[in-house]
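Remember, it's 1-based here, ligands and their atoms both numbered in the order they're listed.
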Amino acid sequence: MIFETLDTFGHEQVVFCHNKDAGLKAIIAIHNTVLGPALGGTRMWPYASEAEALNDVLRLSRGMTFKNAVAGLNIGGGKAVIIGDPAKDKSEALFRAFGQFVDSLGGRYITAEDVGIDVNDMEYVYRETQYVTGVHQIHGGSGDPSPFTAYGALQGLMATLNKKFGNEDVGKYSYAVQGLGHVGMEYVKLLKERGAKIFVTDINKTLVDKAVSEYGAEAVGLDEIYDVAADVYSPCALGGTVNEKTLPRFKFKVICGAANNQLSTDAIGDEVVKRGILYAPDYAVNAGGVMNVALELDGYNRERAMRMMRTIYHNLTRIYEISDRDGIPTYRAADRLAEERISAIGKLKLPMGRSQPRFQGRIRGQ
Ligand code: NAD
């Protein structure tokens, strides 16, 4: 049953990690290491069942393979989940026990933060293994990736405007931004600097007030955001907000934002195309975060990170070319770009009989 599932998803290795004394129950999934060691965050969540945890880690790790490949990184896809309540079940022993399991994989899997995990938890993991990113800056960590993610999303936006309107002047268009958290607020700032008209919403009123007073945005209600007559919808909060209830209300011509999993289903992705809306695939647009942590692996450098964010423009352009070439929706074209890259690079390596690259450990204390 499990091997059948792994066959369908195409995973290389799934590791069940158990340490009774530390209260650790975790699963590490390595999906694909053709491009390099598998990198992806660890999520801590009170899963209702072990099957649900397994399903989540399989789905998320596969998603990382596509994301890392489209981002142009020499990095494969992996992910880990820890079964537990982040509010109650965290301890030094738990994270160190987890770190020992990560270490036992010898660099085939490199971890990072995800939902329910913060930089302090990663410090404990780091005591047991070098195969970890997203640690404190004092250890060569890259710090908060959000400003980079926002800047990367802006590059994706410009490529998308260019494709849709033949003009990438951000300030010429209007935007409906949903979510003003770490990424959303920075994104609004970048839009404002370019003279754009911006509508915003967030459940946190303080953040809305800030966007209005500092960036001249116009506040709209939480549900009203879907009816705004703006050119671009920029989801920067939750996933699944492009769905059968919201899509019929859209007057937007473009969907481009930083949130993960914006389309509720593939069928909705097809419907987006029918309505003449250009969708910028989320995982290509928001790759700034993973690019930033990937740079930690060979010594983090801020200028290099900013240069790398600009490649998101070209990644989106390539996705639109594939979409036109093959007559497929952009969300499928993004997957195809990933598959083509993995296949091409895989062919380069295999005939020479070389083993896959292994990360030799982070440069400690940089
Ligand atoms: P965040 O938690 O800082 O911000 C999310 C914001 O959305 C919060 O201000 C929250 O109040 C608001 N929000 C929640 N529900 C809402 C609703 N129904 N309507 C309006 N606003 C709502 O998170 P973030 O780090 O800014 O990330 C935002 C999105 O981008 C997430 O989907 C995340 O997975 C994705 N993402 C983030 C990064 C990164 O570098 N932080 C990288 C890649 C992807």
Side-chain angles (χ1 to χ4, degrees), residues 39-43 45 56 59-60 63-64 66-68 70-71 73 77 79 86 112-119 122 133-134 141-157 175-191 198-212 215 217-228 233-243 245-246 255-264 280-296 305-306 308-309 312 315 334:
L39 174 72
T42 299
R43 178 168 293 194
W45 194 254
D56 208 29
R59 196 178 52 82
L60 293 168
M64 287 310 296
F66 285 90
K67 182 170 191 157
N68 294 339
V70 165
L73 298 168
K79 200 91 181 181
E113 289 151 33
D114 195 64
V115 176
I117 302 284
D118 63 33
V119 66
M122 279 300 147
T133 58
S142 53
D144 178 11
S146 309
F148 295 93
T149 303
Y151 184 69
L154 182 79
Q155 311 307 309
L157 172 68
Y175 301 85
V177 181
Q178 180 184 46
L180 297 165
H182 290 91
V183 180
M185 191 66 87
E186 184 69 21
Y187 179 75
V188 164
K189 177 174 161 236
L190 296 171
L191 295 179
I198 314 159
F199 299 87
V200 294
T201 194
D202 194 294
I203 48 178
N204 182 331
K205 189 171 174 311
T206 313
L207 295 174
V208 174
D209 291 346
K210 180 177 174 188
V212 170
Y215 305 124
E218 187 174 320
V220 301
L222 287 174
D223 187 58
E224 225 181 311
I225 193 84
Y226 303 113
D227 301 314
V228 169
Y233 170 51
S234 292
C236 294
L238 315 162
T241 60
V242 184
N243 56 50
K245 289 209 177 77
T246 60
I255 300 169
C256 180
N260 279 312
N261 305 318
Q262 294 166 20
L263 304 175
S264 63
D282 45 17
Y283 70 76
V285 172
N286 69 22
V290 74
M291 286 178 168
N292 211 44
V293 291
L295 280 173
E296 288 184 27
M306 290 304 269
M308 202 163 192
M309 299 308 134
I312 292 178
N315 301 339

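- Heavy atoms only, all atoms of each residue included: L180 and V177 are closest at CD2-CG1, 4.4 Å.
- Sorted by chain and number, the residues within 4.0 Å of ligand 1 by heavy atom are P145, S146, T149, Q178, G179, L180, G181, H182, V183, D202, I203, L207, L222, C236, A237, L238, A258, A259, N260, N286.
- Salt bridge status for K79 with D56: absent, with no side-chain N to carboxylate O gap under 4.0 Å.
- Side-chain contact check for Q178 versus Y226: some heavy-atom pair is nearer than 4.5 Å.
- Contact of the M309 side chain with the N292 side chain is registered, since non-hydrogen atoms from C-beta on lie closer than 4.5 Å.
- Side chain to side chain, D209 and T206 fail the donor-acceptor criterion of an N or O pair below 3.5 Å.
- Applying the ring-ring contact (aromatic ring centres under 6.0 Å, His included) rule to Y233 yields the partners F250, F252; only residues at least two apart in sequence or on another chain are considered.
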